[in-house]
Q: 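Right, I'll just put the structure down here and ask away after.
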Amino acid sequence: MRCPFCASPSTSVVDSRSSEPDDAVRRRRQCAGCGNRFTTYERVEIPPVTVLKRDGTRERFDRQKLLRGLGRAANKRPVSDEQLERLADSIAAELRGQGTEAGAEKIGELALRGLASLDPVTAIQFASVYRRFEDLDDLEAEVARLKRQAGVPSETRSTIPSPRATVRGHGQGNKRRGHAEQP
Ligand SMILES: [Zn+2]
């Protein structure tokens, strides 16, 4: 790496850290010739993965969208954000390893398998919604709808029609239960 100030080829790295949003590695370098410091970013160059949806259309694989889908399935479950981040990364890596195009169904299967190893209930929640839909767009819309239905302040079970909600019900009880527990 040449110094951008004096073009000297002798520069050295004085600090190195990964920058979160895009997996880039940020390096502070110092020139041995003129002493100036500058920053470089190092990224892996990888072709984007295209998702082939069941309706035949294509879209770019969106790790954030996948992560949101995973996060919603894991709502109130003992699965950490970090575990979900790692799962999203491993799914992204697996897709990349298999080429530049992946079926939406394949992504769903990878997500299911990964979630099953973390928490079977989360996997079931994911499957119960995902399996009925074309892709994550539909899943997001459906989950948003369920949340609106279930999101009313009272958690009375009879107002929640989804069978999924009864599964989620096991996880509740930490809050808003005080009045119910009075003798
Ligand atoms: Zn220099």
Side-chain angles (χ1 to χ4, degrees), residues 13 15-28 39-54 57-151 155 162 164-175:
V13 176
D15 185 35
S16 180
R17 64 186 64 174
S18 58
S19 75
E20 283 300 315
D22 54 2
D23 284 342
V25 177
R26 178 183 186 277
R27 298 189 203 284
R28 282 297 282 168
T39 302
T40 61
Y41 290 90
E42 183 178 297
R43 286 185 187 81
V44 177
E45 184 172 89
I46 29 169
V49 172
T50 301
V51 179
L52 176 60
K53 306 209 283 185
R54 275 178 250 179
T57 61
R58 289 171 163 79
E59 68 180 17
R60 182 182 276 221
F61 171 68
D62 183 343
R63 180 185 174 281
Q64 285 305 113
K65 185 196 281 186
L66 170 63
L67 194 56
R68 287 196 297 272
L70 298 175
R72 282 161 186 173
N75 186 33
K76 296 185 181 174
R77 295 299 307 165
V79 179
S80 70
D81 290 346
E82 197 187 336
Q83 286 175 309
L84 296 179
E85 292 272 354
R86 278 204 301 268
L87 176 57
D89 283 342
S90 76
I91 291 171
E94 178 147 357
L95 295 177
R96 273 187 227 116
Q98 293 182 0
T100 56
E101 194 167 276
E105 203 159 42
K106 172 79 182 174
I107 297 172
E109 291 300 322
L110 290 173
L112 259 187
R113 207 185 306 157
L115 288 175
S117 71
L118 292 175
D119 175 43
V121 173
T122 297
I124 290 165
Q125 291 178 169
F126 185 83
S128 69
V129 180
Y130 184 81
R131 280 252 161 86
R132 310 199 322 261
F133 301 99
E134 288 293 308
D135 56 39
L136 288 171
D137 284 329
D138 296 329
L139 172 61
E140 286 201 340
E142 175 63 9
V143 172
R145 192 184 65 78
L146 288 172
K147 271 189 145 179
R148 275 197 303 276
Q149 280 184 357
E155 294 195 314
S162 165
R164 187 170 159 271
T166 58
V167 177
R168 288 174 55 189
H170 296 303
Q172 72 184 34
N174 296 330
K175 53 189 179 182

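On a predicted model such as this, the values are computed, not experimentally measured, just so you know.
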Q: Can you tell me how far the CG atom of Leu67 sits from the CG atom of Asp81, to the nearest 0.5 Å?
A: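 Interatomic distance, Leu67 CG to Asp81 CG, rounded to 0.5 Å: 7.5 Å.
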Q: Considering residues at least two apart in sequence or located in another chain, which fulfil the side-chain contact (heavy atoms from CB on, under 4.5 Å) criterion with Ala74?
A: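 Ala74 satisfies side-chain contact (heavy atoms from CB on, under 4.5 Å) with Val79, Leu84, Thr122 once adjacent residues are dropped.
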Q: Partners of Asp15 by salt bridge (Lys or Arg N to Asp or Glu O under 4.0 Å), sequence neighbours excluded?
A: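 In terms of salt bridge (Lys or Arg N to Asp or Glu O under 4.0 Å), with neighbours along the sequence ignored, Asp15 is linked to Arg17.
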Q: Of the non-hydrogen atoms in Pro78 and Asp119, which two are nearest, and what is the gap between them?
A: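 For Pro78 and Asp119, the tightest heavy-atom pair comes out as CD-OD2, 4.2 Å.
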Q: List the atom of Phe61, the atom of Val51, and the distance in Å for their closest heavy-atom pair.
A: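 Looking at all heavy atoms of both residues, the closest pair is CA-CG2, 3.6 Å.
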Q: Return the set of residues passing side-chain hydrogen bond (donor to acceptor under 3.5 Å, both in side chains) with Ser16 (not counting sequence neighbours), or none when no residue passes.
A: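 For Ser16, the residues satisfying side-chain hydrogen bond (donor to acceptor under 3.5 Å, both in side chains) (neighbours in sequence not counted) are Arg27.
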Q: Could you tell me which residues satisfy side-chain hydrogen bond (donor to acceptor under 3.5 Å, both in side chains) with Arg60, sequence neighbours excluded, listed by chain and number?
A: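 Not a single residue meets the side-chain hydrogen bond (donor to acceptor under 3.5 Å, both in side chains) criterion with Arg60.
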Q: Which heavy-atom pair separates Phe126 from Gly108 by the least distance, and what is that distance?
A: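 Closest heavy-atom pair between Phe126 and Gly108: CE2-O, 3.9 Å.
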Q: Would you say Leu95 and Ile91 make side-chain contact, with heavy atoms under 4.5 Å?
A: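 A side-chain contact under 4.5 Å exists here.
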Q: Looking at Ala127 and Leu112, what are the two nearest heavy atoms and their distance?
A: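 That would be CB-CD2, 3.6 Å.
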Q: Can you tell me how far CD of Glu101 sits from CZ of Arg58, rounded to the nearest 0.5 angstrom?
A: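 So the CZ of Arg58 and the CD of Glu101 are separated by 4.0 Å.
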Q: Looking at Arg113 and Glu109, is there a salt bridge between them, counting it only when a charged N and a carboxylate O are closer than 4.0 Å?
A: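 No, no charged N to carboxylate O under 4.0 Å.
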Q: Do the side chain of Gln125 and the main chain of Ala73 share a donor and acceptor less than 3.5 angstrom apart?
A: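 Pair found, side chain donor or acceptor close to backbone of Ala73.
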Q: According to side-chain hydrogen bond (donor to acceptor under 3.5 Å, both in side chains), who are the partners of Asp89, at least two apart in sequence or on a separate chain?
A: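 For Asp89 the side-chain hydrogen bond (donor to acceptor under 3.5 Å, both in side chains) partners, ignoring immediate neighbours, are Arg63.
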Q: Nearest 0.5 Å, please: how far is CD in Glu82 from CD in Glu85?
A: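 Glu85 CD to Glu82 CD: 8.5 Å, rounded to 0.5 Å.
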Q: What residues form a side-chain hydrogen bond (donor to acceptor under 3.5 Å, both in side chains) with Thr50, not counting sequence neighbours?
A: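 Thr50 satisfies side-chain hydrogen bond (donor to acceptor under 3.5 Å, both in side chains) with no residue once adjacent residues are dropped.
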Q: If I compare all heavy atoms of Ala111 with all of Leu70, which pair ends up nearest, and what's the gap?
A: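 Heavy-atom minimum between the residues: CB-CD2, 3.8 Å.
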Q: Please list, chain by chain and in numerical order, all residues satisfying side-chain contact (heavy atoms from CB on, under 4.5 Å) with Thr57, sequence neighbours excluded.
A: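 Lys53, Asp55.
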